[in-house]
Amino acid sequence: MVLAVDDEPNGLDELVHCLRNSPHVAKVFPAIDASEALRLLSTDDPRLRERKDRGLPIVDAVFADIDMPGLSGMEMSRVFAALRPSPALVFVTGHAEEAVNAFDLGALDYVLKPYQQDRLDRAISRVLDKLAAAAAPPPGALGGEPVKNDDEVIPVELAGTTKLIPRSSVRWVEAQGDYARLFTTEGSHLVRIPLAQLEERWEKAGFVRIHRSFLVALPLITELRMGQGGYQVVIGNEEKVLPVSRRHTRALKDRLVGSGRNG
């Protein structure tokens, strides 16, 4: 069951049509604005009441436009995101510039208008993957605490398409003014996120600042060595060499020693 929210009647009809075309969607609840969507939280619909009684989200996913009069899609989605359990959030909008805010809120996908069936089908697949992951016990979690999967994704705009880059695929990050360039195994991607912000968000995920211009995935450092201008690190097997500034050398050594002991 999914909720579709769009303040434009034609847009809502198209969104509902595409969602109902998917064989994986059993029921679509349309809402013309955020207020109507939030009324679902107090509905007496027996199907939704049964989901609540079973400890399930009121709907599996919310497909919401962002730019709506009154309560915006982002504000409405914060209400759904605060529910426990919460539905998957998918934003459908004509405004690519809100992607970063959407993923900060925990959005699973970000689909740009005009609606296309294959693109919405991919978003539905992401929802299905999330539902399957929530239903299956993670490896090593049987009889114990579940392992939390918090692999953040970063939205990247490529020729009008929003591509999701998982943090786990990022090897190092280079600062470029107010932007950051993410280097992955497949190439590099420029995102409008300051390096300092990524450093703060990704510290617990094993990323370490080695220079004012570089943030590196600590487990991928294979060598710390002295170069002509000071210390350097080697990343993985690709022999990528990055400089380590003097102010970050001690902290890096401490992190590498601690990582070695824990490993």
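As the structure is a computational prediction, the values presented were derived from the model and not from experiment. Throughout, residue positions are numbered sequentially from 1 according to the sequence presented.
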message: Would you say CZ of Arg212 has more than 12 non-hydrogen atoms from neighbouring residues, nucleotides or ligands within 6.0 angstrom?
response: no
- request: Let me see the working for Tyr110 and Thr93 under side-chain contact (heavy atoms from CB on, under 4.5 Å), right down to the final yes or no.
  value: CA-CA 8 Å; Tyr110 192 92; Thr93 177; 3.4 Å; yes
- prompt: Between CG of Leu89 and CZ of Phe63, what distance do you get to the nearest 0.5 Å?
  reply: 10.5 Å
Pairs under 3.5 angstrom only: tabulate donor-acceptor contacts from the side chains of residues 55-62 to other protein residues two or more places apart or in another chain.
residue: Asp60; atom: OD1; partner: Arg51; partner atom: NH2; Å: 2.8
residue: Asp60; atom: OD2; partner: Met1; partner atom: N; Å: 2.9

statement: Quick note, ring pair (Phe, Tyr, Trp, His ring centres under 6.0 Å) partners involving residues 197-219, not counting sequence neighbours, are Trp202-Phe207, His211-Phe214
message: The test is side-chain contact (heavy atoms from CB on, under 4.5 Å); show your working for Leu38 and Leu71 and say whether it passes.
response: CA-CA 10 Å; Leu38 291 175; Leu71 198 65; 3.5 Å; yes
Electrostatic pair Lys113-Asp67, nearest N-O below 4.0 angstrom: no
- line: Applying ring pair (Phe, Tyr, Trp, His ring centres under 6.0 Å) to Tyr115 and not counting sequence neighbours gives none
Ala81 backbone acceptor or donor facing Arg84 side chain under 3.5 Å: yes
- prompt: For Leu3 and Phe29, which heavy atoms make the closest approach, and how far apart are they?
  reply: CD1-O, 3.1 Å
field: Between NE2 on residue His248 and CD1 on residue Ile210, distance to nearest 0.5 Å
entry: 9.0 Å
- request: For the residue pair Leu120 and Leu15, establish whether any side-chain heavy-atom pair is separated by less than 4.5 Å.
  value: yes
Contact list for residues 21-38, test salt bridge (charged side-chain N to carboxylate O under 4.0 Å, His left out), sequence neighbours left out: none
query: Do the side chain of Ser188 and the main chain of Thr184 share a donor and acceptor less than 3.5 angstrom apart?
result: no
query: Do you know the tightest heavy-atom contact between Leu218 and Val208?
result: CD1-CG1, 3.8 Å
- prompt: Under the 3.5 angstrom rule, does the side chain of Thr222 hit a backbone N or O of Val234 as a donor-acceptor pair?
  reply: yes
message: Taking Asp121's backbone N and O only, do any of them form a donor-acceptor pair with Ser125's side chain (distance below 3.5 Å, no angle check)?
response: yes
- prompt: Distance-only, no hydrogens or angles: does the Gln232 side chain make a donor-acceptor pair with backbone N or O of Arg225 under 3.5 Å?
  reply: no
task: Show the numbers, then the answer: is there a side-chain hydrogen bond (donor to acceptor under 3.5 Å, both in side chains) between Glu14 and Asn10?
output: CA-CA 6 Å; Glu14 184 64 22; Asn10 291 337; over 6 Å; no
query: Quick check: are there more than 12 heavy atoms from other residues, nucleotides or ligands sitting under 6.0 Å from CD of Gln117?
result: yes
Salt bridge (charged side-chain N to carboxylate O under 4.0 Å, His left out) involving Glu199 - partner list, sequence neighbours excluded: Arg209
side-chain hydrogen bond (donor to acceptor under 3.5 Å, both in side chains) against Glu75, all qualifying residues, sequence neighbours excluded: Ser72
field: Pair Asp13-His17, side-chain hydrogen bond (donor to acceptor under 3.5 Å, both in side chains): steps then yes or no
entry: CA-CA 6 Å; Asp13 289 344; His17 174 74; over 6 Å; no
field: Shortest non-hydrogen contact between Pro30 and Val16, atoms and distance
entry: CB-CG2, 3.8 Å
message: Please give me the minimum heavy-atom distance between Leu108 and Ala88, naming the atom from each residue.
response: CD2-CB, 3.9 Å
task: Might you confirm whether atom CG of Asp118 has over 12 heavy atoms from other residues, nucleotides or ligands at distances under 6.0 Å?
output: yes
Shortest non-hydrogen contact from Leu83 toward Pro87: CD1-CD, 4.5 Å
field: Separation between CG of Leu198 and CZ of Arg167, rounded to the nearest 0.5 Å
entry: 10.0 Å
query: What are the two closest non-hydrogen atoms of Phe80 and Leu41, and how far apart are they?
result: CE2-CD2, 3.9 Å
message: What verdict does the side-chain contact (heavy atoms from CB on, under 4.5 Å) test give for Ile221 and Leu252, after you've listed the backbone C-alpha separation in whole Å, the side-chain angles of each residue and the deciding distance to 0.1 Å?
response: CA-CA 10 Å; Ile221 296 177; Leu252 175 61; 4.0 Å; yes
message: Counting neighbours of CD on Glu223 that are heavy atoms of other residues, nucleotides or ligands and sit closer than 6.0 Å, is the number greater than 12?
response: yes
query: Are the side chains of Phe183 and Lys240 in touch, meaning some heavy atoms are under 4.5 Å apart?
result: no
- request: With rounding to the nearest 0.5 Å, note down the distance linking CG in Leu12 to CD1 in Ile32.
  value: 5.0 Å
